[in-house]
Amino acid sequence: MSKIKNAFIRIFVILILISGGALAQVVSNQAAPNFTLTDTNGQKHSLSDYKGKFVVLEWFNPDCPFVKKHYNSGNMPKLQKQYTSKGVVWLSVDSSAAGEEGSYPPQGLNKFMAGKGGSPTAVFADADGRVGHLYGAQTTPHMFVIDPKGTLIYQGAIDDTPSAGIEDLKTAKNYVSAALDAAMNNKPVAVSTTKSYGCSVKY
């Protein structure tokens, strides 16, 4: 009887994992998992569409103080403009569930980006958290950088200063720009994984 009970427990745990009860663990310097999402303008995008290009995945939440720090200061919009002008694909993802902090309809996310001067390639409302769970996105912001071969070359914090204070940006080391600058110049990425900081993703 105990064996049958244990088997049911294992099945129950597997079902929880499948249903999105646990975050995946992506591995730096391994292939980034493919996904398909519809952006806030109704266009479908697959990561595989961008093979041959550098891709940045940015998890954000318009109501998070840490996200506000990077947008109100102009830091995130500046990064978006700087690298998309060099051919980098920048995909911003909001995985807040319906009714949770940071959950907005598509037009609301577009209004946020326009109001802050943001210019990502596309913005997504991942309300069911499918892609957020796929990548193990834990905080907003949480950043991922993928090279033209589809390899995840960086994941973690946007910089080395875990605060919501705009003044700290003056001395912060930006991990995303460091990874992109190195890889785009055929140099090794010195830091491929860090611990992200910010608000928890509101799945």
Side-chain angles (χ1 to χ4, degrees), residues 23-26 28 37 39-40 55-84 88-106 108-146 152-181 189 191-203:
L23 296 176
Q25 290 288 327
V26 290
S28 294
L37 275 176
D39 70 19
T40 49
V55 177
V56 174
L57 304 180
E58 169 212 350
W59 260 264
F60 79 108
N61 167 352
D63 297 331
C64 171
F66 294 90
V67 172
K68 289 180 179 180
K69 161 191 172 180
H70 289 286
Y71 276 92
N72 291 347
S73 65
N75 184 52
M76 195 73 79
K78 179 182 176 182
L79 288 171
Q80 293 165 348
K81 289 174 184 174
Q82 177 182 350
Y83 288 102
T84 56
V88 174
V89 174
W90 193 293
L91 307 178
S92 301
V93 185
D94 182 353
S95 291
S96 295
E100 296 290 341
E101 177 192 89
S103 174
Y104 287 84
L109 294 178
N110 287 343
K111 183 178 179 180
F112 169 80
M113 281 294 177
K116 300 299 182 182
S119 57
T121 305
V123 180
F124 304 94
D126 176 42
D128 62 4
R130 180 174 53 85
V131 178
H133 280 85
L134 180 65
Y135 274 79
Q138 298 178 6
T139 63
T140 51
H142 197 157
M143 311 297 295
F144 300 81
V145 180
I146 301 162
L152 181 66
I153 58 172
Y154 175 75
Q155 61 172 315
I158 186 171
D159 60 36
D160 65 351
T161 307
S163 87
I166 289 177
E167 65 279 0
D168 292 327
L169 288 169
K170 296 176 183 177
T171 56
K173 175 184 177 181
N174 193 288
Y175 291 124
V176 175
S177 59
L180 283 169
D181 290 346
V189 175
V191 179
S192 61
T193 304
T194 63
K195 181 176 176 57
S196 66
Y197 71 85
C199 306
S200 62
V201 177
K202 303 302 187 286
Y203 293 115

By side-chain contact (heavy atoms from CB on, under 4.5 Å), Ala122 pairs with (sequence neighbours left out) Asp39, His45, Leu91, Phe124
With sequence neighbours left out, the residues meeting side chain to side chain donor-acceptor pair (under 3.5 Å) with Glu58 are Tyr71, Gln80, Trp90, Ser92
Residues passing the salt bridge (charged side-chain N to carboxylate O under 4.0 Å, His left out) test with Glu100, sequence neighbours excluded, are none
ask   = Less than 6.0 Å separating the ring centroids of Tyr104 and Phe112?
value = no
Short side-chain to backbone donor-acceptor contact, Lys116 and Ala114, under 3.5 Å
no
Looking only at heavy atoms, the pair that brings Ile153 and Ala179 closest together is CD1-O, 4.4 Å
side-chain hydrogen bond (donor to acceptor under 3.5 Å, both in side chains) pairs touching residues 117-127, sequence neighbours excluded, are Ser95-Asp126
Hits for side chain to side chain donor-acceptor pair (under 3.5 Å) against Lys68, two or more places apart or cross-chain, chain-then-number order -> none
Rounding to 0.5 Å, atoms CD (Gln138) and OH (Tyr203) come to a distance of 8.0 Å
Requested in this report: Could you tell me whether the side chain of Thr193 reaches within less than 4.5 Å of the side chain of Tyr175, counting heavy atoms only?
Outcome: no
*Can you find a heavy atom in the side chain of His142 that is under 4.5 Å from one in the side chain of Val201?*
no
Sorted by chain and residue number, the side chain to side chain donor-acceptor pair (under 3.5 Å) partners of Thr139 (sequence neighbours excluded) come out as Ser196
With sequence neighbours left out, the residues meeting side chain to side chain donor-acceptor pair (under 3.5 Å) with Thr194 are Tyr154
Salt bridge (charged side-chain N to carboxylate O under 4.0 Å, His left out) pairs touching residues 74-83, sequence neighbours excluded, are none
By side-chain contact (heavy atoms from CB on, under 4.5 Å), Asn75 pairs with (sequence neighbours left out) His70, Ser73, Leu79, Ile158, Leu169, Asn174
Residues passing the ring pair (Phe, Tyr, Trp, His ring centres under 6.0 Å) test with Phe66, sequence neighbours excluded, are Tyr197
Output for pair (Met143 CE, Leu180 CG), nearest 0.5 Å, gives 9.0 Å
Distance col, row Glu101:CD vs Thr140:OG1, nearest 0.5 angstrom, shows 7.5 Å
Sorted by chain and number, sequence neighbours left out, side-chain contact (heavy atoms from CB on, under 4.5 Å) with Thr161 holds for Asp159, Ser163, Asp168, Ala172
For Thr40, the side-chain contact (heavy atoms from CB on, under 4.5 Å) test, sequence neighbours excluded, returns Pro106, Leu109, Asn110, Val123
Counting C-beta onward and ignoring hydrogens, is there a side-chain heavy-atom pair between Asp94 and Pro62 closer than 4.5 Å?
yes
How are the rings of Phe144 and Tyr135 set relative to one another: parallel (under 30°), tilted (30 to 60°) or perpendicular (over 60°)? perpendicular
Separation between CD1 (Ile166) and CG (Asn72), nearest 0.5 Å, reads 5.5 Å
Between Ser103 and Ala97, the two heavy atoms sitting closest are CB-O, 3.2 Å
Go through the steps to decide whether Val67 and Met76 satisfy the test side-chain contact (heavy atoms from CB on, under 4.5 Å), and finish with yes or no. CA-CA 9 Å; Val67 172; Met76 195 73 79; over 6 Å; no
Does some side-chain heavy atom of Met113 sit less than 4.5 Å from a side-chain heavy atom of Pro120?
yes
Heavy-atom nearest pair, Pro77 first then Gly117, reads CB-O, 3.4 Å
